[in-house]
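Counting begins at 1 with the first residue of the sequence.
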Amino acid sequence: MKKIMVAVTMLIAVTGMAFSQEEKKSRTVIEVSGGMIPGSFAVEGLAELSPFGPDFYASISHVAENSFTWNARLMAGISPMIDGWDYRDYGFTGGYALSYCDKTPGHFAFGFGAGYSPVASSKRTISLLLSGLVFNSSYSYEHEADSDSSVSPKTNNYTIKTNTSVFMVGPQIQYVRTFGSHFSLYVDSSIMYAVSGYFHYEIEDITANSRVENTLGVSGGLLYPLSFGLAWKF
C-alpha cells in the first residue's frame, strides 16, 4: 500500500507540471461517496484492531486563486474492529469463558487538511494535503457465556461496552474531474498514522454482579481511507 501511495504521488506531481499552465480559479467542491478504511491500530497488550469495512463519506474542499487548499471530511461506517479478541484474557478468569465478539460495531471519523493544488483548472483539480483525523468507534451488547466448570455449570449474562478514540495524521491526495459547469467525480486517498489514543472496555457479569474495566493505549499503526464518488463544484 505504501508503494502504491508513493507511485500515485509521483504521478500527481508529473500531471501537475503537465497542467501547470491551465487557468486557476477559486472554487468550492462538495463531495459525497462510498469508501472504506483498510489498515489497523496497534493497541497496548492486544492484537491489532482493524476498522476495515464499508463507509459513507461527505466532505467539502476549497481551492483559493493562489492554489491554497483546505478540506474537511466526515466518515461513518461499519467495521468488525475487535473480531478475534478473547475477553477471557482481560476479564473473568474464574471458570467462565466469554466468547469472541459476535456483533459488528460502527465507527465515525472527522478530519481537516490543508495544502496546495498543483492543478486547479476548470475541468480538473489535484490537491496534496497534510491532514489530521479523529477516529472513534464505540458499541455495547449483551452476551451469554457458559461456565467452564464441570462442578457447577451455568450460564452467565454479560454486558460489554468498548470505546476507541484515536488521533491520526498523514498525507491526503484528492482528484476532482468536472463535467460541464458543476457536476464532478472525485477520488480521495490518504495514509493516516496513529499518533495517540485509547481503547477502553467494560465487561460486566450481571449474574455474578462483578465488573472489569480498563483503558489501554493506542499508538502506531496505519489506516488508508479511500473514497470515490460524486461532487458538485461551485
Decide yes or no for [X] and [Y]: does some side-chain heavy atom of the first lie under 4.5 Å from some side-chain heavy atom of the second?
| X | Y | value |
| --- | --- | --- |
| Tyr175 | Ser127 | no |
| Tyr224 | Ile37 | no |
| Met192 | Pro171 | no |
| Ser190 | Pro225 | yes |
| Phe199 | Thr162 | yes |
| Glu31 | Asn71 | yes |

Assigning hydrophobic clusters by single linkage (Ile, Leu, Val, Met, Phe, Trp, Tyr; side-chain heavy-atom cutoff under 4.5 Å), is [X] placed with [Y]?
| X | Y | answer |
| --- | --- | --- |
| Val195 | Ile191 | yes |
| Phe167 | Leu222 | yes |
| Met75 | Leu130 | no |
| Ile60 | Phe183 | yes |
| Val134 | Tyr193 | yes |

With rounding to the nearest 0.5 Å, note down the distance linking [atom1] in [X] to [atom2] in [Y].
| X | Y | atom1 | atom2 | answer |
| --- | --- | --- | --- | --- |
| Arg124 | Arg177 | CZ | CZ | 5.0 Å |
| His107 | Ser165 | NE2 | OG | 13.0 Å |
| Leu223 | Ser40 | CG | OG | 7.5 Å |
| Met36 | Tyr57 | CE | OH | 8.5 Å |
| Gln174 | Leu128 | CD | CG | 10.5 Å |
| Thr164 | Leu216 | OG1 | CG | 9.5 Å |

Checklist entry - Would Phe234 and Ile30 satisfy side chain to side chain contact (heavy atoms under 4.5 Å, CB included), going step by step from the backbone distance to the final call? => result CA-CA 8 Å; Phe234 296 91; Ile30 296 177; 3.7 Å; yes

Item to check | Test of ring centre spacing under 6.0 Å for Phe135 and Phe41 | outcome: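 Yes, close enough.
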
Next on the checklist: I'd like to know whether Val169 forms a side chain to side chain contact (heavy atoms under 4.5 Å, CB included) with Leu133, so could you lay out the CA-CA distance, the side-chain angles of the two residues, the decisive distance to 0.1 Å, and finally the verdict.
Outcome noted: CA-CA 6 Å; Val169 296; Leu133 186 72; over 6 Å; no

Checklist entry - Hey, mind stepping through Thr69 and Leu129 against side chain to side chain contact (heavy atoms under 4.5 Å, CB included) and telling me if it holds? => result CA-CA 8 Å; Thr69 304; Leu129 310 169; 3.9 Å; yes

Item to check | Non-hydrogen atoms of Met168 and Ala194 that approach each other most closely | outcome: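 That would be CE-N, 3.4 Å.
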
Next on the checklist: Show the nearest heavy-atom pair for residues Ala120 and Val63, with the distance to one decimal.
Outcome noted: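 Between these two residues, the closest heavy atoms are CB-CG1, 4.0 Å.
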
Checklist entry - Sub-3.5 Å donor-acceptor pair from the side chain of Lys123 to the main-chain atoms of Gly180, do we have one? => result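 Yes; at least one donor-acceptor contact below 3.5 Å.
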
Checklist entry - Would you find a donor on one side and an acceptor on the other, under 3.5 Å apart, between the side chain of Lys233 and the backbone of Ser122? => result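 Yes.
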
Next on the checklist: Suppose we screen for side chain to side chain donor-acceptor pair (under 3.5 Å). Which residues come up paired with Tyr198, at least two apart in sequence or across chains?
Outcome noted: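 By the side chain to side chain donor-acceptor pair (under 3.5 Å) rule, Tyr198 matches Asn163.
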
Checklist entry - Mind checking what makes side chain to side chain donor-acceptor pair (under 3.5 Å) contact with Tyr186, not counting sequence neighbours? => result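 For Tyr186, the residues satisfying side chain to side chain donor-acceptor pair (under 3.5 Å) (neighbours in sequence not counted) are Ser33, Ser227.
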
Checklist entry - Going through the checks in order, is the side chain to side chain contact (heavy atoms under 4.5 Å, CB included) test met by Phe112 and Trp70? => result CA-CA 7 Å; Phe112 183 86; Trp70 60 261; 3.7 Å; yes

Checklist entry - Does His200 have any ring pair (Phe, Tyr, Trp, His ring centres under 6.0 Å) partners at least two apart in sequence or in another chain, and if so, which? => result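 With neighbours one apart ignored, the set is empty.
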
